Colleague: 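Before anything else, here's the structure in question.
Quantities reported herein were computed from a predicted structural model and do not represent experimental measurements. Per chain, numbering begins at 1; letters A, B, ... match sequence-line order.
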There are 2 protein chains.
Amino acid sequence: MKKNQSKISIKDIAQELGLSITTISFIINKKAKNRISDEVIQKVEAYIEKVGYKPNSAAQSLRTGKTKTIVFMVEDISDPFFSSVAKEMEKLAFDSGYKIIFCSTDNKKSRAIELISMFKDRQVDAYIITPPEDFQDEIEQLVSENQIVMLFDRFYRDADYNYVVLNNYGSTKRAVEYLKNQGFKNIAYVGLKTELSTLTDRFDGYKEAVREANRENLSLLISFDDVKSEVGNKQFEEFLELHPEIDAILFATNNLAITGLKILKKKNIQIPEDIGVITFDDRDLFELHAPAITVMSQPITSLAKEVISGTLKLLKRKHSIQDKIQIVLDGELIVRKSS
Amino acid sequence: MKKNQSKISIKDIAQELGLSITTISFIINKKAKNRISDEVIQKVEAYIEKVGYKPNSAAQSLRTGKTKTIVFMVEDISDPFFSSVAKEMEKLAFDSGYKIIFCSTDNKKSRAIELISMFKDRQVDAYIITPPEDFQDEIEQLVSENQIVMLFDRFYRDADYNYVVLNNYGSTKRAVEYLKNQGFKNIAYVGLKTELSTLTDRFDGYKEAVREANRENLSLLISFDDVKSEVGNKQFEEFLELHPEIDAILFATNNLAITGLKILKKKNIQIPEDIGVITFDDRDLFELHAPAITVMSQPITSLAKEVISGTLKLLKRKHSIQDKIQIVLDGELIVRKSS
DNA sequence: CTGAAAGCGCTTACAG
DNA sequence: CTGAAAGCGCTTACAG
């Protein structure tokens with residue numbers, strides 16, 4: 001009883017009970033129905049329970065080629081949006097017997113390539129990927145190797161992959177229309193200079209909304225790497241000075257909003273009296289801010305559920321040539337004082 | 001060239017080059033020195049490079065008993081403190097050939113037990129654990145099974161395990177002394193009702209600091225589960241009403257501070273005029289808050305580095321009976337407007 | 001209803 | 001300096 005339990009193998013059990021390893025294996029894998037007598041099943045299951053036997057997963061992987069592992073490659077696991085999704089996903093995956101390995105690309109293509117190459121050695125069963133810029137060739141390569149790939153947060157409009165994303169276009173349009181209905185006239189958009197669908201869709205949604213309202217397109221696009229730097233701060237300041245007519249701003253990401261709020265505070269601009277504010281992604285920061293910030297919140301739990309259930313569905317499929325899983329969810333507008 | 005590269009095995013290479021798999025294996029594992037001729041080594045390495053061969057990790061694991069996997073069991077991966085540490089750890093571990101699996105216990109003992117049992121099947125090489133309450137027996141069990149265990153963020157003062165933690169006692173004492181020097185008289189402590197060393201050490205540091213200053217112990221301890229609920233809010237409000245003399249508050253965790261700041265705002269209490277504020281853990285929220293909040297920040301990068309380098313050191317050891325790795329790091333006081 | 005045996009892809013003690 | 005072979009712990013096609 002005091003022996004190291006991880007040393008018990010199927011062979012030990014077979015020997016102990018006077019059965020073959022075949023029989024034990026069938027019972028463990030629930031493939032015993034109509035093959036093994038109930039009496040034997042009972043005896044084996046009781047024994048397994050008693051000694052706390054757990055199959056060696058390395059041996060199973062070697063034999064079956066499956067590792068029961070899913071990689072979740074995000075932009076940045078310390079970003080509250082991704083870490084919240086990760087937490088929800090983790091539990092769902094564990095409950096289905098899969099473990100998840102998280103990794104961050106920092107939106108760097110080179111890092112993402114490194115990571116994928118590393119995980120190929122480890123033979124993971126599926127990839128959930130938040131691709132960085134200019135990454136479609138790598139995704140295509142992975143798919144062509146018959147790997148299971150699920151895109152998350154961003155996708156490629158012209159390609160037929162599996163994905164779970166927000167309705168960025170519609171959610172942004174809705175946010176702008178809300179600001180318009182609140183009486184704001186000159187609504188600006190502060191976004192990222194990037195080809196990622198998440199951001200281009202948001203920008204398109206904004207442009208369409210102002211076009212429909214016959215208003216001017218007042219937009220500033222900042223490079224990803226500049227957002228948290230002085231360069232980004234300066235660009236935003238200059239943008240405000242160049243367009244004194246702006247009376248509301250839609251920030252396309254929570255990091256942009258944080259940068260923007262700092263500058264607005266520094267310039268002593270009152271929210272919402274001088275400028276109304278709304279941003280993507282809810283964070284407790286926005287709720288606690290004075291004034292509290294209106295947000296277009298992403299449905300974290302639903303996104304996580306769709307990603308995992310979609311990926312598990314793909315893992316169960318026999319052929320990869322079936323329909324793609326393509327899910328688009330709407331954001332939720334949470335109105336606070338800033339607008 | 002277009003063949004599925006994951007199908008290449010050591011056997012294929014041996015056959016192709018007219019060598020034995022032994023030779024190939026030695027070269028792959030850098031054990032070829034003084035055994036294999038340089039000429040052969042060169043030839044094999046070139047071929048491996050050319051075909052992009054990667055060893056099958058399941059087979060390696062089965063053979064060696066090592067999985068090159070580390071589990072990092074945190075309280076909550078969506079908490080900014082843990083996700084920031086996780087991100088730093090991830091890179092360091094990957095660079096050493098280890099992958100990390102994150103999981104959250106939500107400070108629930110039952111969940112933590114489930115997770116450990118699950119990872120035992122997977123035979124991970126090491127456990128980095130942020131134990132929930134009343135978990136010492138489980139840690140002891142794991143250690144007695146010769147598993148590699150590294151405690152993080154919290155530890156057991158009376159037991160000799162490996163750990164990397166903050167100097168919670170000293171850092172809290174320093175924070176209180178700073179408030180005292182700023183002229184605050186009645187400094188309150190808002191903490192958690194728990195036996196976790198992190199929190200008891202912080203509370204002890206506070207108590208010692210007020211004792212030395214001949215001031216009263218003004219403290220409120222809230223249950224972990226109540227922090228983000230109405231119960232916690234009410235407890236904090238009542239505490240303030242009961243002690244109108246309080247002119248400064250030290251929050252022991254960032255979540256407590258968020259709750260507290262919401263209430264202070266609601267009650268229209270001015271910071272720092274009416275009450276000075278300082279909290280543990282830095283978050284951009286605190287920097288952006290009006291006024292910006294003074295924090296006792298944890299050295300995320302150093303903590304992550306110590307945890308990983310310590311764990312890797314343990315993994316390299318032959319005998320588990322050597323000295324424990326026990327690291328204590330100081331917090332950094334970042335002074336802002338709130339104090 | 002049950003079992004003997006091959007084989008997944010490695011590592012390494014042993015032999016030469 | 002190089003190789004034949006055992007064995008890690010499973011799963012499963014095949015035989016009875």
Colleague: Please report, rounded to the nearest Å, how far the C1' atom of C/dG7 is from the CG atom of B/Leu62.
Modeller: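 Atom CG in B/Leu62 sits about 12 Å away from atom C1' in C/dG7.
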
Colleague: Check this one for me: any side-chain N or O of B/Gln60 less than 4.0 Å away from OP1 or OP2 of C/dG9?
Modeller: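 Result: no.
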
Colleague: Check the distance between C/dA4's P and A/Phe26's CZ and give it to me in whole angstrom.
Modeller: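 Taking CZ of A/Phe26 and P of C/dA4, I get 14 Å after rounding.
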
Colleague: Can you tell me if CD on B/Gln42 sees more than 12 non-hydrogen neighbours from other groups inside 6.0 Å?
Modeller: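 No, because the 6.0 Å sphere around CD of B/Gln42 holds 12 heavy atoms or fewer from other groups.
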
Colleague: Tell me whether the side-chain N/O atoms of B/Asn29 come closer than 4.0 Å to OP1 or OP2 in C/dT11.
Modeller: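 Checking C/dT11 against B/Asn29, a side-chain N or O does come within under 4.0 Å of OP1 or OP2.
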
Colleague: Is there a side-chain contact between B/Thr22 and the phosphate of D/dG3, meaning an N or O under 4.0 Å from OP1 or OP2?
Modeller: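 For D/dG3, neither OP1 nor OP2 has a side-chain N or O of B/Thr22 closer than 4.0 Å.
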
Colleague: Output the rounded distance in Å from NZ (A/Lys11) to P (D/dT11).
Modeller: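 Computing the A/Lys11:NZ to D/dT11:P distance gives 15 Å.
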
Colleague: Is there a donor-acceptor pair closer than 3.5 Å between any side-chain N or O of B/Asp125 and the backbone N or O of B/Lys68?
Modeller: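 It does hold such a pair.
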
Colleague: In whole angstroms, how far is the C1' atom of C/dC10 from the NZ atom of B/Lys66?
Modeller: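 Taking atom C1' of C/dC10 as the reference, NZ of B/Lys66 is at 16 Å.
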
Colleague: Write down the distance between CD1 (B/Ile21) and P (D/dA5), rounded to a whole number of angstrom.
Modeller: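 Distance, rounded to whole Å: 11 Å.
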
Colleague: Within this structure, what is the CD1-to-P distance between A/Ile48 and D/dC10, rounded to whole angstrom?
Modeller: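 Result: 10 Å.
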
Colleague: Before you tell me yes or no, could you show the steps for B/Phe81 and B/Leu303 under side chain to side chain contact (heavy atoms under 4.5 Å, CB included), namely the whole-Å CA-CA distance, both residues' side-chain angles and the distance that decides it to 0.1 Å?
Modeller: CA-CA 11 Å; B/Phe81 169 63; B/Leu303 286 168; 4.0 Å; yes

Colleague: Remember a base hit wins even if backbone is also touched, and classify A/Ser37 as base, sugar-phosphate or nothing at under 4.0 Å, heavy atoms.
Modeller: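 The residue A/Ser37 makes sugar-phosphate contact but no base contact.
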
Colleague: On the nucleotide C/dG3, are OP1 or OP2 found under 4.0 Å from the side-chain N or O atoms that A/Thr23 carries?
Modeller: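 Checking A/Thr23 against C/dG3: at least one side-chain N or O falls below 4.0 Å of OP1 or OP2.
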
Colleague: Please assess A/Phe155 against A/Arg157 for the test side chain to side chain contact (heavy atoms under 4.5 Å, CB included), listing each intermediate value before the final yes or no.
Modeller: CA-CA 6 Å; A/Phe155 69 122; A/Arg157 201 166 277 296; 4.0 Å; yes

Colleague: Does D/dT11 have OP1 or OP2 under 4.0 Å away from a side-chain N or O of A/Ser25?
Modeller: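 Checking D/dT11 against A/Ser25, a side-chain N or O does come within under 4.0 Å of OP1 or OP2.
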
Colleague: Rounded to the nearest angstrom, tell me the gap between atom NZ in B/Lys68 and atom P in C/dC10.
Modeller: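 B/Lys68 atom NZ is separated from C/dC10 atom P by 16 Å.
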
Colleague: Would B/Lys109 count as a cation-pi partner of B/Phe135, with NZ or CZ less than 6.0 Å from the six-membered ring centre and within 45° of the ring normal?
Modeller: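 The answer is no, since B/Lys109 fails at least one limit relative to B/Phe135.
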
Colleague: Would you tell me if any nitrogen or oxygen in the side chain of A/Tyr53 comes within less than 4.0 Å of OP1 or OP2 on D/dC10?
Modeller: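 For A/Tyr53, the contact criterion (side-chain N or O under 4.0 Å from OP1 or OP2 of D/dC10) is met.
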
Colleague: Does the structure show a Watson-Crick or G-U wobble partner for D/dA4, both distances under 3.5 Å? Name it, or say none.
Modeller: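 D/dA4 is unpaired by these criteria.
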
Colleague: Taking for each residue the nucleotide of DNA chain D bearing the nearest heavy atom, is the 5' side occupied by B/Arg63 or by B/Leu19?
Modeller: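 Nearest nucleotide further toward 5': that of B/Leu19.
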
Colleague: Could you give the CD1-to-P distance, from B/Ile27 to C/dT11, as a whole number of Å?
Modeller: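 Nearest whole value for this atom pair: 12 Å.
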
Colleague: According to a strict under-4.0 Å criterion, is B/Ser20 in side-chain N/O contact with OP1 or OP2 of D/dG3?
Modeller: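 Looking at the OP1 and OP2 atoms of D/dG3, one of them is under 4.0 Å from a side-chain N or O of B/Ser20.
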
Colleague: A/Ile36 or B/Ile10: which one's nearest nucleotide on DNA chain C is closer to the 5' end?
Modeller: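 Final value for this comparison: A/Ile36.
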
Colleague: Using purine N1 to pyrimidine N3 plus N6-O4 or O6-N4 for Watson-Crick, or N1-O2 and O6-N3 for G-U wobble, each under 3.5 Å, what pairs with D/dA13?
Modeller: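 Base-paired to nothing in any strand shown.
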
